[in-house]
Amino acid sequence: MTTELPKSFDPAVLEPIVRAAWESHRAFAADPSDPGEPYSIVIPPPNVTAALHLGHALNNTLQDILIRKHRMRGDNAVWLPGTDHAGIATQTVVEKRVFQEEGKRRTDFARDEFIGRIQAWKDDYEARITEQLKAMGCSCDWDRQAFTMDPPRAAAVREAFFRLFADGLIYRGKRLVNWDPATQTALADDEVEMEEIDGHFYYLRYPLADGSGHVTVATTRPETMLGDTAVAINPRDPRAADLRGQSVRLPIVGREIPIVEDNYVVMPVRFGGDDKDPKAVLATGFLKVTPAHDPNDHEIGRRHNLAVINVLAPDGTISDRHGWTDIGDAGFVLGQTREDARQAIVHWFKVNGLLEEIKPYRHSVGHSYRSHVAIEPYLSDQWYCKVTDPRLAGAALAAMAEDQRDGAKKDAAASSDHSPKSALRFHPARYARTFQTWHENIRDWCISRQLWWGHRIPVWSSPAGRVSPANFADPANVSIRAMDDAQFVCLRTHDDAAVAVLESAGFTQDPDVLDTWFSSALWPMSTLGWPDADAIADPRSALNVWNPTSVLCTAREIITLWVSRMVMFNLYFLNRLPFRDVFIHAMIQDGHGQKMSKSLGNGVDPMDIIHSHGADAMRFTLTGMATNTQDVRLPVDMVDPVSAETFTPHYITDSAGYTVAAPIQQAPSDPRRKMVSSYGVASGKAHATPDQPVARNTSAKFDFGRNLCNKLWNAGRFVMMSLANAPAPAGDPASTTQPARTTHPQSSTAPAPTNAAAPSTHPAPFTAPAPANAPAPTTLADRWILSRLARAVRDADEGLGAYRFDQYAKVCYDFFWRDFCDWYLEAIKPAMRDPASAPASAAVLATTLDQVLRLMHPAIPFITETLWSQLNSVRPIRGLVGIDAPPSELLIHARWPAPSSRWIDDSAETQWQRLQDIVGAIRNLRNEHKVEIKKRVKVAIAAPPDIAADLAVHIALIDLLATCDSSLSSASPSSTAARATAAGVELYVEGLVDESAEKQRLAKRREELTRAIAAMKARLDNPGYIAKAPPRLVEQSRAQLADAESELAKIPDA
RNA sequence: GGGCGAUUAGUUCAGUUGGCUAGAACGCACGGAUCACACCCGUGAGGUCACAGGUUCGAGUCCUGUAUCGCCCACCA
């Protein structure tokens, strides 16, 4: 039965079966009370704004590899899944959707009603994301799935806010914030994108108040002049002395404002300014100071005690209702947008003869990452978290690994195990610098957002009302602080009675919500039960077992947004790190080095790849791409929806200077084309019907993984067929290979059978007994493959330990395909026609496949799990002395291979390498002379006595692998024999008559040898080389020279 | 402006502390329906390691500079 595997594997059929098996066994469930070293990862919670993209696929594949490997090692491994509510992003998406579909704006709804809409969106996308992760094979503990706004996470937010508030680390500040006039909310610095803009420098004349003349200020934003409260000049400016104490009359408004001296002002070039500084070139030396609308001016205003006059409404229009009273003649701009006001004011200056000049100026301007409109520095009341406090940023800096601070030792330090395990380490180490610089220059964190979707700020205030702790039933859960002459009351938990007290005293709750990163910052704590009192008190609680987590896997773009804040909060609230390692993986770009994005249409949907190639194929390809670099490229193929042809898109530059994909004629307007990036987004439309082709981006790169899976499938099939007749283990095979795990499928606490037997530390494979009836391998092929296996296991482990997933993938690939399939399987085919007669080889074969499946399972879990169950049902002898292969019903719970250095066999590898060289040389000769594939040729091998003795034993292998009949001889070339040299022996293939081919080949070889001899001679003639190079290398060079010369001597002259 | 990367075969990438004739995969060329696999097998071609200096017996690797590309941070005069 078991040998009836289909010829090629079908992921669409197999993956759901394997998923069901894992689910029914509750294979991903973890329990903090399990023995085993804790190993935990929290998922970087994807935003519920959209379905997962390829970057997520990479991110989660790598995490799953780590989790699966550690689970197999017997560690108490848990992977905590969840999603992020992503305040601004999600609200914006839903607002846009509602407006498109219903023509309604957010303000047309009641707050709760609109939140309900967003909630529905969230439910939808959370489900999709979860399904995507499951389809990818992510072995998250789904019982612990979290959402940054669900009740447990809300409790964490309340507790954290309360503690920070009571400790004075949260304050209310009237500050300039990055205001997005479109969404009417404040943005964090990180949410602002800089864009280069072609703007202008406007030179405006401000008359001196005494009428004796004017000063000329230069500005890119003339409209803000309405809020000017000073003109500044550098004290070193030669004109400063004459103007000291003077003031100017602000045009339009008529406000009299002082001339102040401040070092911030850039000196114009003619007074000694730096001529390389474009500002100095353009500057007049007079700076208009608008404290309410420019961060630097705000600082100047503080230094000189200037008035702060806000002339804008929250929507970005000029307004006299938000702090501006002396409007003078400015009535004509009231109500205008920033852009219109700019034109109007410039026009006013022009007609009044006060506009001196306009010069073009290219500069960068902050834009909202959401609405893409220009950010307005805007004065408003916001809540701040005082991350500049030493207890936060300082603690984060102190937690860094010593050898990663100040860029010490660079990447070499990342993999060293010498520094204390308790420190925060980055992999690759260069990212430690990003983290350090951020904290050294950190500014207080604006945590309030003018949104509806998010954690409502748990503070009530009243300008007039007053309360005291005595008013509350539970004063310990109330924190009262006075700021700005008002009382602010923070409630620790949801408490209707306390709210009633506040409301009756005239208090109202702050309408704002918290920055989405506030809840994200608590993620490694809140997903594990904090702040539940029992969780904190119990040393065996999930919180105390799994926090600190083992590693955080993420992309570099959120080191400052997220990593930093988790470190600060975890240290502050729990006095320990949220994770020890931070692994920063590469970002996936398209084949042109551009980010994948919806607007470029170059994104690749993981679900498309799962459908076309299979989850394993996608995972393996991504694993191989996870190199140490900061970007990797994935050339994207697009599928034309009409012709169904695949092609590589080219790019054009649009009128705005942006590069855009130009893949398909009229692509953006073709409704079918839109489905490219909307798999799973435009619900129900993603699945193509046969008569309606759907364009889906893909990449030929995924063929790499698919080919590997297919190869593994067929190799597995072949091994299984071979072993079907092989000896089975003594005793009752069924009971040893089929542990009865299915008898307790509901028990999440039951560890895997293999792990249960293991101590809490790693299994000790060297002491594990081999099967009593395991025959000892004796053949060269067996010794060789076991030696290669031992190295592969060691190297794979090393790669994973250093977060070098590409190395892990390569080791698996090379060992499995090159060694196991290309050479080992070919070599043992004769023996496997009757495995019972070669029990040792059968045991080696079964053991090797067993280990290959274990080794590759973390990367390609579905196909390996499928083959594992097949191997279990064949029941061959598995395991050898030194190679522990304890049975397990499911591979996901099977024990991770441990390096078995006892099988590393240099002599076998040397001998095998010689065979490979000889076989390669004979195959080469055959090909050069166009010998038919099945024709056996006669080969005479002339070898020195010691090598000849070795070869005599294995001559049958040469005959098998090179399709020849070879004989060892002492060099008796017939005149017509084609010849070659390999591995120190000479080969003569009889009967190859194509003399021109042979001559060509020899001429080429002669040239190669001549070149090599010249290079060697030059090297050895260099006295410095002889004197300074290690003797080993000099010896090697001499030997190579001798070999090359002797081979050349034997080549007959043309 | 500050920082971090990258530049190696047609393409995507490896290349450990400097040391064999610089490797792999895909693609390409030639041969092959062989009883695991044509998503395969065998063989081969293909590289001035971005450029210019330097250190060294020896540089893809270390140093300096240049160019191009990318990312992060800062910056509305």
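Quick note on labels: first sequence line is chain A, next is B, and so on, each numbered from 1.
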TODO: Using heavy atoms to find the nearest nucleotide of RNA chain B for A:Pro1030 and A:Met587 separately, return the residue whose nucleotide is more 5′.
DONE: A:Pro1030
Open item on the list: If I pick the P atom on B:A22 and the same atom on B:G47, what distance separates them, to the nearest angstrom?
Closed with: 12 Å
Task: Contact nearer the 5' end of RNA chain B, comparing A:Val919 with A:Ala715 - done: A:Ala715
TODO: Please say whether more than 12 non-hydrogen atoms of neighbouring residues, nucleotides or ligands are located less than 6.0 Å from NZ in A:Lys359.
DONE: yes
Task: Inter-nucleotide P distance (B:G54, B:A59), Å rounded - done: 12 Å
Write down the protein N/O and nucleotide N/O pairs, taken from nucleotides 44-50 of chain B, whose separation is under 3.5 Å; answer none if there are no such pairs.
from, atom 1, to, atom 2, distance (Å)
B:G44, OP1, A:Asn924, ND2, 3.4
B:A45, OP1, A:Lys1004, NZ, 2.9

- [ ] Check the distance between B:U21's C1' and A:Leu1041's CG and give it to me in whole angstrom.
- [x] 14 Å
TODO: Using whole Å, report how far CE of A:Met721 lies from C1' of B:C37.
DONE: 10 Å
TODO: Report yes if a donor N or O on one partner sits less than 3.5 Å from an acceptor N or O on the other, where the partners are the side chain of A:Arg706 and the base of B:C39; otherwise report no.
DONE: yes
Could you list, one pair per line, each protein nitrogen or oxygen that sits under 3.5 Å from a nitrogen or oxygen of nucleotides 23-30 of chain B, together with the distance?
from, atom 1, to, atom 2, distance (Å)
B:A25, OP1, A:Arg818, NH1, 2.8

Open item on the list: Can you tell me if A:Arg556 touches the phosphate of B:G3, counting only side-chain N or O atoms and a distance under 4.0 Å to OP1 or OP2?
Closed with: no
Open item on the list: Heavy atoms only, 4.0 Å cut-off, all strands: where does A:Arg833 land among base, sugar-phosphate and nothing?
Closed with: nothing
Open item on the list: Below the 4.0 Å mark, does B:A36 have OP1 or OP2 next to a side-chain nitrogen or oxygen of A:Lys711?
Closed with: no
Open item on the list: Can you check the distance between B:G23 and B:U43, where both ends of the measurement are the P atom (answer in whole Å)?
Closed with: 16 Å
Task: A:Phe805 six-ring centre to A:Lys810 NZ/CZ under 6.0 Å and within 45° of normal - done: no
Open item on the list: Check the phosphate of B:A77 against A:Thr216, side-chain N and O only, distance under 4.0 Å to OP1 or OP2. Yes or no?
Closed with: no
TODO: Can you see which heavy atom on A:Ala796 is nearest to which on A:Tyr808, and at what distance?
DONE: CB-CD1, 3.8 Å
TODO: Verify, without hydrogens or angle tests, whether A:Arg923 (side chain) and A:Thr963 (backbone) share a donor-acceptor contact under 3.5 angstrom.
DONE: no
TODO: Output yes when at least one side-chain N/O atom of A:Arg936 is less than 4.0 Å from OP1 or OP2 of B:U34, else no.
DONE: no
TODO: Among A:Leu712, A:Leu708, A:Ile863, A:Leu14, find the one that has a side-chain contact (heavy atoms from CB on, under 4.5 Å) with A:Asp616.
DONE: A:Ile863
Open item on the list: If I pick the P atom on B:C41 and the same atom on B:A25, what distance separates them, to the nearest angstrom?
Closed with: 10 Å
Open item on the list: I want to know whether A:Tyr202 and A:Phe349 have ring centres closer than 6.0 Å.
Closed with: no
TODO: Pick the P atom in B:G10 and in B:A29, then give their distance to the nearest Å.
DONE: 16 Å
Task: Neighbour count >12 (heavy atoms, 6.0 Å) for atom CD, A:Glu932 - done: no
Task: Rounded P spacing from B:G60 to B:U7 in Å - done: 15 Å
Task: Geometric class of the A:Tyr813/A:Phe704 ring pair [parallel <30°, tilted 30-60°, perpendicular >60°] - done: parallel
Open item on the list: So for A:Gln589 and B:A6, does any side-chain atom that can act as donor or acceptor lie under 3.5 Å from a complementary atom in the base?
Closed with: no
Open item on the list: Taking only the C1' atom of each, what is the distance from B:G53 to B:A14 in whole angstrom?
Closed with: 28 Å
- [ ] Considering only atom P, compute the distance from B:G46 to B:A9 and round it to an integer number of Å.
- [x] 14 Å
Open item on the list: Check this one for me: any side-chain N or O of A:Arg433 less than 4.0 Å away from OP1 or OP2 of B:C4?
Closed with: yes
- [ ] Give a yes or no on whether a salt bridge exists between A:Glu339 and A:Arg342, defined as a side-chain N under 4.0 angstrom from a carboxylate O.
- [x] no
Open item on the list: Tell me every residue that passes salt bridge (charged side-chain N to carboxylate O under 4.0 Å, His left out) with A:Arg205, counting only those two or more places apart in sequence or in another chain.
Closed with: A:Glu356
Task: A:Thr627 vs B:A14: side-chain N/O to OP1/OP2 distance below 4.0 Å - done: yes
